[in-house]
Amino acid sequence: MHGEYKVPGGKLVVVDLDVADGVLRDVRVGGDFFLEPDEALLDINRALEGAPADLTAPQLAARIDAALPEGTVMFGFSSEAVGVAVRRALAQATDWTDYEWQLIHDGPQSPALHMALDEVLTAEVAAGRRPPTLRVWEWGSPAVVIGSFQSLRNEVDPEGAERHGMTVVRRISGGGAMFIEPGNTITYSLCVPDALVQGLSFADSYAYLDDWVLGALEGMGVKAWYQPLNDIATESGKIAGAAQKRLVGSAGAVLHHVTMAYDIDADKMLDVLRIGKEKLSDKGTKSAKKRVDPLRRQTGLARADVIEKMIESFRGRYGLTAGSVTPEEMARAQELAAVKFSSPEWTARVP
């Protein structure tokens, strides 16, 4: 069995192993990481040899930590990263490069149709009828997008939303509310087979699926990192939030979507969103205006240029061919947008 895990912002860990009588055998760990002393690699292999195959990544990491000599230096990886690579080997997880990735970057769509397209395209990936897809959104109108489990009345001031012409929609993933203005927002979705994130914890899958965009940002001069669970942050503040939904199909699929602040009208946002003191204190800041530091200021680039550099970064890593929503997919999405995502019953399902 073969497993790989690219540490977000770090190095690649590779594990080859067999399983016999429920335990790990012939474990061989490698990668492009740095490790001192050299002999510590043998200690890692020995710590995993004979380990029960049902141990979690943290449990495997604990065995490794107990076996490493004092003063061991692990640079670009960790004992838990090795544990994750083992779990991915046992789960027969796939890698990014195992797929032919497709790009969808169409013209502006309504907020409800974007919600529907996410659901339809991810279901198609789960059913095996669509390749893994990167979809870059263009917004047709301003919106507030609330998480699947958020209370509508607690998150949105209806008078403020109406005053600023904001459509309120509810997405199928969890997480917090997103304030959307078409020219100030960059949003993308990844619709991926469940096999890509096998062996990863729910939390680890967030950083894993967005490691490519951290690289793209670095190429634009922005040093960013994942702030658990689902924020992309810099020293100057938050620039993006992610959310996920897992769908069941013949093989299963994961919807991972991210909204990034290219620019922001903070006063308008505060007039529309009800951002509580508890949420602000949890983020360690006294003002919502200071929580977000847009990409426009950090990169000095036009929005279209930021998007193009992101797409090129993904293409350079994993390959990416231009695609489109099929007529059948669009018909289903339009129906879903009308009967579900535009309905008061769905939008206010948590009043």
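Counting from 1, the numbers follow the sequence of the chain as shown.
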More than 12 foreign heavy atoms under 6.0 Å from [atom1] of [X]: is that the case here?
X: E162; atom1: CD; value: no
X: D21; atom1: CG; value: no
X: R296; atom1: CZ; value: no

Heavy atoms only: give me the nearest [X]-[Y] pair and the separation to one decimal.
X: D210; Y: A242; result: OD2-CB, 4.1 Å
X: L121; Y: C191; result: CB-SG, 4.0 Å
X: V350; Y: S148; result: CG2-O, 4.2 Å
X: I239; Y: D293; result: CG2-O, 3.0 Å
X: A322; Y: Q102; result: C-CG, 4.4 Å
X: A53; Y: V19; result: CB-CG1, 4.2 Å

With side chains defined as the heavy atoms from C-beta onward, is the minimum distance between [X] and [Y] less than 4.5 Å?
X: V125; Y: L247; value: no
X: I186; Y: M310; value: yes
X: N184; Y: F179; value: no
X: M260; Y: Y188; value: yes
X: K309; Y: T299; value: no
X: R63; Y: L55; value: yes
X: D211; Y: R317; value: yes
X: L68; Y: M74; value: yes

Residue pair L103, I311: steps toward the side-chain contact (heavy atoms from CB on, under 4.5 Å) verdict: CA-CA 8 Å; L103 170 68; I311 291 172; 3.9 Å; yes
side-chain contact (heavy atoms from CB on, under 4.5 Å) for V192 and Y99? Distances and angles first, verdict last. CA-CA 10 Å; V192 306; Y99 300 104; over 6 Å; no
Hydrophobic cluster membership, [X] vs [Y], 4.5 Å side-chain cutoff:
X: L209; Y: Y5; answer: yes
X: I264; Y: L273; answer: yes
X: L134; Y: V306; answer: yes
X: I180; Y: V136; answer: no
X: L117; Y: I172; answer: no

Report the C-alpha separation of L90 and D54 in whole Å, then their side-chain angles, then the decisive distance to 0.1 Å, and conclude whether the side-chain contact (heavy atoms from CB on, under 4.5 Å) test is met. CA-CA 9 Å; L90 293 169; D54 60 355; over 6 Å; no
Donor-acceptor pair between [X] and [Y] side chains, under 3.5 angstrom:
X: N45; Y: E49; value: no
X: R135; Y: T133; value: no
X: R129; Y: T326; value: no
X: S236; Y: Q298; value: no

Donor-acceptor contact present, side-chain [X] to main-chain [Y], <3.5 Å:
X: R25; Y: V23; value: no
X: R88; Y: Q198; value: yes
X: D194; Y: V254; value: no
X: W101; Y: W96; value: yes
X: R87; Y: L200; value: no
X: D32; Y: K11; value: no
X: Q150; Y: A177; value: yes
X: T185; Y: A261; value: no

So that I can tick it off, tell me whether [Y] and [X] are bridged by a salt bridge, with the cut-off set at under 4.0 angstrom between side-chain N and carboxylate O.
X: D43; Y: R46; answer: yes
X: E155; Y: R170; answer: no
X: E312; Y: R315; answer: yes

Would the W212 and Y318 ring centres measure less than 6.0 Å apart? no
Nearest 0.5 angstrom please: [X] [atom1] to [Y] [atom2], how far?
X: H164; Y: E159; atom1: NE2; atom2: CD; value: 11.5 Å
X: D26; Y: D16; atom1: CG; atom2: CG; value: 10.5 Å
X: Y262; Y: I307; atom1: OH; atom2: CD1; value: 9.5 Å
X: F314; Y: L320; atom1: CZ; atom2: CG; value: 6.0 Å
X: D265; Y: L270; atom1: CG; atom2: CG; value: 9.5 Å
X: R274; Y: L152; atom1: CZ; atom2: CG; value: 9.0 Å

Under the side-chain contact (heavy atoms from CB on, under 4.5 Å) rule, what do V213 and S313 come out as? Steps first, then yes or no, please. CA-CA 8 Å; V213 85; S313 179; over 6 Å; no
W137 and H257 aromatic ring geometry - parallel, tilted or perpendicular at 30°/60° bounds: perpendicular
Only one of R171, K245, K340 forms a salt bridge (Lys or Arg N to Asp or Glu O under 4.0 Å) with E119, so which one is it? K340
